[in-house]
Structures are given as C-alpha cells and as structure tokens.
Amino acid sequence: MRRELAPWLTGREVRSVDLLAPAGPKYAGLERLAGRLIEGVGRRGKFLLMPLSGGLELVAHLGMTGVIADHAPDARASTHLRVRVELSGGDPGTLFFSDPRRFGRFLVVDAGHYPTLPTLAALGPEPLGDDFTPAGLAAACARSTMPVKAYLLSQRPVAGVGNIYADEALWRAGVHPRTPAAWLGEDQVAALCAAIREVLAAAVAAQGTTLSDYRTVRGGTGEYARQLQAYGRAGEACPRCGTEMERSIVGQRGTTHCPTCQPAPRKTRRGA
DNA sequence: CGCATTTCCTGGTAGC
DNA sequence: TGCTACCAGGAAATGC
C-alpha cells in the first residue's frame with residue numbers, strides 16, 4: 001500500500017477532511033490535517049506514516065478490514081466510510097478510508113511522538129531491513145517466556161508479522177507455534193528469521209493477501225492467498241509431508257500447524 | 001515490567 | 001425464511 005500511496009500523495013496538499021465516524025482516539029487530531037503538505041509516505045510494520053508540514057504526521061493502520069482507496073466505496077460499502085480527504089491538484093483528488101469493523105486508525109500526531117500508540121512506539125525492527133538479524137531475534141526471544149507465535153504477534157521482536165504470516169513463517173521454519181520463545185535453539189531462530197523475511201517479501205510482491213476484505217488502493221486484490229501453505233488449512237494435508245494439519249488457539253488466535261514438520265517443543269540444554 | 005485476559009466491531013455463516 | 005449464536009483478529013486497556 002505504501003508503494004501505491006507514495007507516488008500519489010507525496011507533495012500533495014490537503015484541502016479538507018471529512019470525518020464520518022464518531023470522533024475518538026482512533027481519529028484523533030484530524031482537525032489539524034487540512035492545509036498540510038504531505039511530505040512522503042513511510043511505513044513501520046503495519047503502520048503507514050505520512051510526514052506532514054508543520055512537524056505533524058498522519059498515522060494510518062488498517063486493523064483487519066480497513067481500506068484506503070483512491071475511489072469512492074460502492075453503495076453497499078459506503079456505510080463504512082470513515083474519513084474522506086480532499087487533495088489539491090490532479091486526479092485522483094480524494095482519499096477514502098473505510099473500515100467496516102472499526103479496528104483501524106487514522107489520526108494526526110506530532111511527528112515521531114506516539115504516546116497513544118504504544119505498539120508503534122515499541123515496535124521491533126523492520127523484517128526486510130538490515131536490523132532484523134538472527135542474532136537480534138535470538139536476543140529478543142531469550143527474554144520472553146511467551147509462546148513464540150504470541151511473541152511474534154506482539155510486534156516487539158519484529159515489526160509487521162500478523163496472524164497469517166506468523167503461521168506461514170512458523171510452518172516454513174518448522175517451529176511449533178507454542179514453543180516458548182526462550183526455548184528456541186540457534187538453528188530454529190535462524191530458520192525463523194529467514195522464513196519471516198521470505199514470507200513477507202513474497203507477500204509484498206503479490207500485493208498482500210486478500211481473503212475477503214483487503215483491497216489495494218486502486219481496488220485490486222492481493223494474490224498471496226494462493227500461496228498460503230498453512231494458514232486456514234487445518235484438516236488438509238501438509239504441503240511438505242502430507243500429515244493432516246491441526247488447528248489450535250495460540251495467543252487467543254486461530255492457529256494452524258503441521259504436527260510432523262512442527263513438532264511439539266521439548267526443552268533441551270542450550271549449546272548441547 | 002511482563003504477560004494474560006478482555007474489549008472493541010460487523011459481516012458471514014452454521015444450526016435450527 | 002428468519003432467528004440466534006458464534007467466529008474472524010490488531011492493538012489497546014485492564015488486571016495481576
């Protein structure tokens with residue numbers, strides 16, 4: 001989405017903003033948006049970060065069902081339109097933020113100041129950046145007793161891994177989702193680090209994963225759903241070994257894993 | 001501080 | 001057909 005938004009929005013000025021949702025912390029500060037220049041479109045994890053003139057920043061998060069579009073939602077979806085932003089200059093001249101389930105955010109903050117966004121403030125390294133290394137991931141995991149999947153979902157060891165990509169990366173790495181993070185061996189951490197990079201890079205190349213709601217800015221679908229190996233495939237044969245995939249709940253989230261490729265954790269002595 | 005639990009929210013669907 | 005119950009989950013709030 002960042003790649004679509006950057007060439008469209010960079011350098012444009014905001015003419016006006018309409019908030020169609022009840023005001024609240026998820027839409028804080030939008031009254032400060034009109035008249036600002038959008039200086040660029042960045043991203044950290046699942047947060048879109050748009051620096052604005054005047055030392056401000058527009059922060060957008062899609063939650064589960066949020067959509068940022070360069071075209072108006074159709075009649076049926078229009079009840080979920082939350083924010084409309086009119087831009088100066090050429091077409092498309094309006095940004096639409098829709099969010100049926102209201103888990104998304106679209107707010108203006110002082111640039112780099114995230115007191116109301118603690119996850120963003122404590123976000124781990126970018127998964128496709130140089131800062132995300134096996135050694136760094138190992139050091140983070142060593143500090144946590146959580147099941148490794150729950151720890152990944154916290155956004156602290158690495159940014160941007162949600163439920164779908166956590167299941168995919170753990171399956172690729174052959175790591176059981178319930179393994180306490182601190183129990184992971186060096187080889188497992190390295191495999192997980194590589195798997196997270198591979199899965200996210202492939203998903204970005206496919207423009208994301210559309211299961212039902214997700215749409216690109218221009219209204220297209222993300223095609224990574226066709227490459228999913230684990231997520232949503234409980235009861236089916238593991239693509240690697242043929243064992244029936246199992247469903248469970250880890251960190252309050254539906255989870256699919258292969259009991260053969262991702263064997264249940266057994267505590268072993270480090271360095272043994 | 002770290003972690004577990006609860007909350008927010010609505011469309012889709014299973015079951016009757 | 002129409003009803004109820006339940007499920008999906010990202011991040012914040014709450015509780016310990």
Side-chain angles (χ1 to χ4, degrees), chain A residues 1-2 19-29 43-49 59-68 73-83 97-107 109 113-124 127 139-170 177-184 196 199-200 203 208-215 221-222 224-225 228 230-235 247-257:
Chain A
M1 291 198 72
R2 193 206 67 77
L19 176 60
L20 303 155
K26 290 179 176 178
Y27 300 100
R43 180 195 56 73
R44 281 281 285 126
K46 291 176 261 188
F47 294 86
L48 284 163
L49 304 173
V59 180
H61 193 297
L62 301 179
M64 287 179 64
T65 57
V67 170
I68 291 174
D74 63 26
R76 213 174 71 81
S78 63
T79 53
H80 305 307
L81 178 62
R82 310 296 178 197
V83 182
F97 178 68
S98 303
D99 185 21
R101 259 142 94 176
R102 306 184 196 227
F103 279 14
R105 279 145 225 274
F106 198 92
L107 65 161
V109 302
H113 239 232
Y114 310 124
T116 65
L117 298 161
T119 300
L120 176 56
L123 205 56
C141 286
R143 283 183 241 117
S144 176
T145 62
M146 296 172 81
V148 60
K149 176 173 173 178
Y151 189 44
L152 290 175
L153 294 181
S154 77
Q155 308 298 301
R156 280 175 290 158
V158 58
V161 177
N163 201 45
I164 294 173
Y165 301 131
D167 275 11
E168 292 300 304
L170 290 163
R178 217 181 284 276
T179 311
W183 289 16
L184 291 172
I196 288 168
V199 165
L200 289 179
T209 304
T210 298
L211 296 173
S212 58
D213 303 277
Y214 178 69
R215 292 293 182 277
T221 53
Y224 194 71
L228 294 176
Y231 177 86
R233 302 188 67 160
R247 184 190 152 79
S248 64
I249 301 292
V250 180
Q252 279 73 248
R253 296 292 168 247
T255 299
T256 304
H257 81 282

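Just so it is clear, the model here is predicted, and its values are computed rather than measured. A, B, ... follow the sequence lines: proteins, then strands. Residue 1 opens every chain.
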A:T145 near the nucleic acid: base, sugar-phosphate alone, or nothing, with a heavy-atom cut-off under 4.0 Å? sugar-phosphate

Ring pair (Phe, Tyr, Trp, His ring centres under 6.0 Å) with A:F106: of A:Y27, A:F97, A:F47, only one passes, and it is A:F97

Using OP1 and OP2 only, check whether a side-chain N or O of A:Y231 sits under 4.0 Å from C:dG9. yes

For A:R102 and for A:A150, locate the closest nucleotide of DNA chain B by heavy-atom distance; then report the residue assigned to the nucleotide nearer the 5' terminus. A:A150

Rounding to an integer number of Å, can you tell me how far A:R156 CZ sits from B:dC1 P? 12 Å

Begin from the C-alpha positions of A:D167 and A:K149 and carry the test salt bridge (Lys or Arg N to Asp or Glu O under 4.0 Å) through to its verdict. CA-CA 8 Å; A:D167 275 11; A:K149 176 173 173 178; 2.7 Å; yes

Contact class for A:G254 (heavy atom, under 4.0 Å): base, sugar-phosphate, or nothing? sugar-phosphate

Starting at atom CG of A:L153, determine the distance to atom P of C:dA8, rounded to an integer number of angstrom. 14 Å

Can you check whether A:R105 has a side-chain N or O nearer than 4.0 Å to OP1 or OP2 of C:dG10? no

Does a nitrogen or oxygen in the side chain of A:R247 sit under 4.0 Å from OP1 or OP2 of C:dA8? yes

Rounded to whole angstrom units, what separation is found between the CZ atom of A:R101 and the C1' atom of B:dG11? 7 Å

A:S212 vs B:dG11: side-chain N/O to OP1/OP2 distance below 4.0 Å: no

Pick base, sugar-phosphate or nothing for A:P118, based on heavy-atom distances below 4.0 Å to the nucleic acid. sugar-phosphate

Distance test, side-chain N/O of A:T65 to OP1/OP2 of B:dC9, below 4.0 Å: no

Of the listed nucleotides B:dG11, C:dA11, C:dG10, the one nearest the side chain of A:N163: C:dG10

Taking atom C1' of B:dC3 as reference, at what distance in whole Å does atom CD of A:Q155 sit? 16 Å

If you pin A:F103 and A:L117 to their nearest nucleotides in DNA chain C, which one's is more 5'? A:F103

Heavy-atom nearest nucleotide on DNA chain B taken for A:R253 and for A:R143; more 5' hit belongs to A:R143

If only side-chain N and O atoms of A:Q252 are considered, is one of them under 4.0 Å from the OP1 or OP2 phosphate oxygen of B:dA4? no

Please check the phosphate of C:dA12 (OP1 and OP2 only) for any side-chain N or O of A:H61 closer than 4.0 Å. no

Using whole Å, what does the distance between atom C1' of nucleotide B:dC8 and atom NE2 of A:H80 come to? 15 Å

Quickly work out the A:M146 CE to C:dA11 C1' distance and round it to whole Å. 13 Å

